[in-house]
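Okay, structure first, notes after.
Bear in mind the structure is a predicted one, so any value in this text is a computation, not a measurement. Sequence lines set the chain letters: A, B, ... in the order given, protein chains first and strands last, and positions in each chain run from 1.
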Amino acid sequence: MASGRLSLTDTVRVGASGLLARPLRSVLSALGIAIGIAAVVSVLGISASSQAALIAQLDRLGTNLLQVQAGQTFGGTSSSLPLTAEPMIGRIGPVQTVSSVASLTANAFRNSYIPAGQTNGIQVKAARINLLDALAGSMAEGSFLTAATENYPVVVLGATTAQRLGFDHWISGSMVDIGGTQYAVAGIMQPMPLAPDIDRSALIGYPQAQNALGADGSATTVYVRTTPEQVDAVGSVLANTVNPANPNEVQVSQPSDALEARIATNDAFNSLFLGLGAVALLVGGVGIANVMVISVLERRSEIGLRRALGATRGNIRSQFLSEALLLAGAGGIAGVVLGMLITFGYSATRGTDLVVPLSAVAGGIAIALALGAIAGLYPAIRAARLAPTDALRSV
Amino acid sequence: MSTVASEPAAATASADRSVMELRDVRKTYPGPVEVLHGINLSIVVGERLAIVGPSGSGKSTMLHLMGTLDQPTTGQVLIDGVDVSSLSDRELSRFRARTLGFVFQQFYLLDGVSAVDNVANGLLYSGVSLAKRRALAAAGLERVGLGHRLHQPPAKLSGGERQRVAIARALLARPAIVLADEPTGSLDTQSGADVLALLRELNSDGTTVIVITHDPQVAAAMDRQVVIRDGVIVSDTTVGGG
Ligand SMILES: Nc1ncnc2c1ncn2[C@@H]1O[C@H](COP(=O)(O)OP(=O)(O)O)[C@@H](O)[C@H]1O
Ligand SMILES: [Mg+2]
C-alpha cells in the first residue's frame, strides 16, 4: 500500500485513534472475530489435549498386545481354543507374555436370594494369574488372583461388575455367590481399556473353575504380549500356531486398534466444531466490513480534512485498512486468549495435560488478520476514492 | 483605493511575484451548471485578500480550486508558477501538506483527540516525527493564545477556541498560503474579531492569507477585496498599506 510519507507507526496510531474514538462500536465489531477465533482455538486445543491423553494412555498400555479368540461356530456360539494353544504360543520367539481367560456358564450374584435370571450382564470367567501383566491392568482395591487363591473360591471383580453388584468399596470378607457357592472377593480391578469385557466379568482361578464348575481348562481368549517390533510378524503366525488344521477358525486382533480409532473419531467431531467456528468468523468478518462501510460514510468530513492536510489516497486507504486490521487483530488476540482459557478449563476438569497447539494460536491470529484485510479492503478503497470536495461539503 | 482590471495581461505581468494565479478558470458541476465563468485572478506573495460575495456565488468552489482539492473544468490554476493540473495525486497531496493551510467554517477537529494532537496533525503527512510534531503544536497553540488548553478535547473548547486550534493546525507546516472558508461563520462577534486579528497577524511572516466570506465587514479586515457574484468577479479593490 503506497502510503506517501506516513510511517508504519503513524499509520497504526491514526488507525488506533479512529477506533478509540468509538470504543463501544470497536469492541462490538471485534467481538464476532473473537468468538470465532475462540471457538477454533478451543476446539483445536481441547482435541489436542484429549488426543494427547489418549496417546499417553496408548503409550502406557502398549500397542504390542494381540488377542486370540476361537472363531464362531456354525451355531453361532464361540468355541474354545485347543488346550495346546497357550503352550504353543509361548514357544514363538518374540512372545513375552501369554495369558488367557475362559468363559464359564455360571453366573455371579451378590447373594443367593437374587433370582437366577438377573445376571446383570456379568460374565464369570476363569483367568490366569498373570492376566494383569498381559493387559497392563491394575487393581483399584484388594489384590488379584495368586498361585494360592486360584485354587479356592476366590473372585476378583471387574470395575463394572463391582458397580453392578453394589460394591462401592471393597471390604475384606465380602462375598459373592457363584453357582451356589460363596466366593470371597479378593479385590476390584481398574477399568481395562484394552479388554473392556474384563470390566464386566468376575474372575476366578482356572483350577477352581475346573474343580467346582466343570470347566475343561481350555481358554476362550488368549492375550499375547510380544516385543514391540514383532507384533505384526507374531500376529500373522498366531492362527496357524493355535489351530494348524483350521487356521481360519481363529480370530487374531490387536486391541489397541480400538483406541487408535477413538483418536480418529475425535477428528470427525472436531470438523463439525471447526465448521461452526468458521461460520462465526465469517459473521465476524461481515460485521467488520459493515462497521467500516458505515464508518466511511460517517467520517466523510474527516476524510476531506485529512486530504486537505496532505493525505494521499494511499494514506486514506491505509488508515481504514489499518483500522480493520487492528479491529480484527484485537479480536483475534482476544479470541486466542479466550480459547486458551476454555482449553485450560477443560483440561483442568478432565485432569489431562494442557495442550494448545501453536499452529492454532498462530493460525487463529493469521485468519483474523486475513479476514480484517478482506473486510477492510472495500471500505478503504471507497474512502480513498472519495473526492476531497465531496467529503468536505457533507455536513 | 484603486480598481485593477482582472484580465490575463495584468496577471501575466505580475507572474514573477504571484504565488497564486487563476487563468480563465471555469467550473461546471454535473447538471450541467457552470458556477465559475472564466475567473482571472493573481495573488501576490504576502497579500491579505478577501473573496467576498453572496451565498451561492461560487466562493467555496474557488477556494477548492485554489486549494487543489478540485480541478477546474477549463482554465489553469498556478501555485508558485506550477500548473496544478499537471500534478499527480501524490504531488498534489505534498503541495497541500507543505504549501497550503486550510481553515474551515466547521473547524473539522477530530473529536477523540486533544487540542495539541489535533494541531500536530497539521504535520502528520509531512514526514515529521510525532515528538517534533507535538513540540511544534504546543508552541503553535501558545502562539494562538491556547497554551493552557493543550490537552483539552475539542468538545471542551468554545467555538472561538476551536477555530484558533484549527488555525494553529493550518499554520503548523508554515504554509506559504492560508485559505480560510468563512472562518468566522460559526463564531460570535468577539471571537470572530479575534480570529480575524490572528489571520491578519500571519501576514507579518510573509504568509499569503486568502479569506472567503459573505460578510463585507469581515472582508474589510483584509487589504484587498475581490467581489464575486454569480461566478464572475465584479470588482477587485486594494486598500493600500492595510
Ligand atoms: N458538487 C456540486 N455539485 C453541484 N452543484 C454544486 C456543487 N458544489 C456547489 N454547487 C453549486 O455551485 C454553486 C456555488 O456554490 P459554492 O461554491 O459553495 O458557493 P458559495 O461558497 O459562494 O456559497 C451553488 O449554486 C451550489 O449549489
Ligand atoms: Mg461557501
Side-chain angles (χ1 to χ4, degrees), chain A residues 1-27 295-296 298-320 322-323 326 380-381 383-395, chain B residues 27 29-30 60-65 67-71 88-114 117-131 133 153-155 166 169-170 172-173 175 178-179 181 186:
Chain A
M1 202 99 326
S3 65
R5 292 167 304 280
L6 211 58
S7 69
L8 184 64
T9 44
D10 277 336
T11 305
V12 171
R13 197 179 285 120
V14 167
S17 76
L19 296 178
L20 293 176
R22 297 156 195 79
L24 181 65
R25 179 190 292 188
S26 302
V27 167
S295 186
V296 169
E298 279 181 358
R299 290 158 69 190
R300 290 163 70 93
S301 60
E302 179 193 328
I303 295 165
L305 169 80
R306 289 185 184 277
R307 297 284 275 139
L309 291 176
T312 60
R313 285 201 191 98
N315 291 147
I316 300 295
R317 200 163 46 225
S318 305
Q319 176 185 342
F320 282 89
S322 82
E323 284 191 19
L326 285 171
I381 288 173
R385 287 228 184 109
L386 206 57
T389 48
D390 288 343
L392 286 169
R393 219 174 280 277
S394 61
V395 178
Chain B
K27 181 66 188 177
Y29 285 119
S60 291
T61 301
M62 239 175 107
L63 176 125
H64 289 153
L65 295 177
T68 75
L69 295 169
D70 203 357
Q71 297 283 344
S88 68
D89 176 65
R90 268 201 185 207
E91 289 166 326
L92 287 175
S93 299
R94 189 181 313 150
F95 227 104
R96 294 195 287 266
R98 294 189 181 167
T99 310
L100 302 171
F102 292 87
V103 178
F104 299 99
Q105 180 177 353
Q106 301 91 334
F107 324 129
Y108 293 137
L109 300 179
L110 300 182
D111 289 334
V113 176
S114 68
D117 281 342
N118 261 294
V119 174
N121 278 343
L123 275 171
L124 177 60
Y125 301 101
S126 303
V128 178
S129 76
L130 178 68
R133 292 201 299 268
R169 178 179 64 194
L172 197 67
V178 169
L179 295 159
D181 192 349
S186 304

query: Are any of the side-chain heavy atoms of A:R13 and B:L124 separated by less than 4.5 Å?
result: no
field: Distance in Å, A:T312 OG1 paired with B:R96 CZ, rounded so as to fall on 0.5 Å steps
entry: 9.5 Å
query: Got a second to check how far B:L123's CG is from A:L309's CG, nearest 0.5 Å?
result: 9.5 Å
- line: Looking only at B:D70, B:D89, B:D181, B:T61, the option with the highest number of non-hydrogen pairs under 4.5 Å against chain A is B:D89
query: Got a sec, which residues hit side chain to side chain donor-acceptor pair (under 3.5 Å) with B:D111, two or more places apart in sequence or on another chain?
result: none
- prompt: After noting the C-alpha distance and the side-chain angles of B:R169 and A:L305, does the key distance pass the side-chain contact (heavy atoms from CB on, under 4.5 Å) rule?
  reply: CA-CA 11 Å; B:R169 178 179 64 194; A:L305 169 80; 3.2 Å; yes
message: Does anything in residues 17-25 of chain A reach chain B? List residues with heavy atoms under 4.5 Å apart, or say none.
response: A:A21
message: Which residues pass the ring-ring contact (aromatic ring centres under 6.0 Å, His included) test with B:F104, not counting sequence neighbours?
response: B:F102, B:Y108
- request: Any chance you could measure B:Y125, atom OH, to A:I316, atom CD1, to the nearest 0.5 Å?
  value: 5.0 Å
Engaged part of B:L69 at the chain A interface, taking heavy atoms whose separation is under 4.5 Å: both
- request: Return the option, out of B:L100, B:V113, B:N121, with the maximum number of heavy-atom pairs under 4.5 Å with chain A.
  value: B:N121
- prompt: So how far is it from A:L392 CG to B:Q106 CD, rounded to the nearest 0.5 Å?
  reply: 8.0 Å
task: Rounded to the nearest 0.5 Å, what's the gap from CG on A:D10 to OG on B:S129? Could you check?
output: 8.5 Å
- prompt: If you measure from CZ on A:R299 to CG on B:L110, what distance do you get to the nearest 0.5 Å?
  reply: 8.5 Å
statement: For A:R306, the salt bridge (charged side-chain N to carboxylate O under 4.0 Å, His left out) test, sequence neighbours excluded, returns A:E302
Interchain contact, A:A387 with chain B, by part (heavy-atom threshold 4.5 Å): neither
field: Side-chain heavy-atom pair B:Q71, A:T389 within 4.5 angstrom cut-off
entry: no
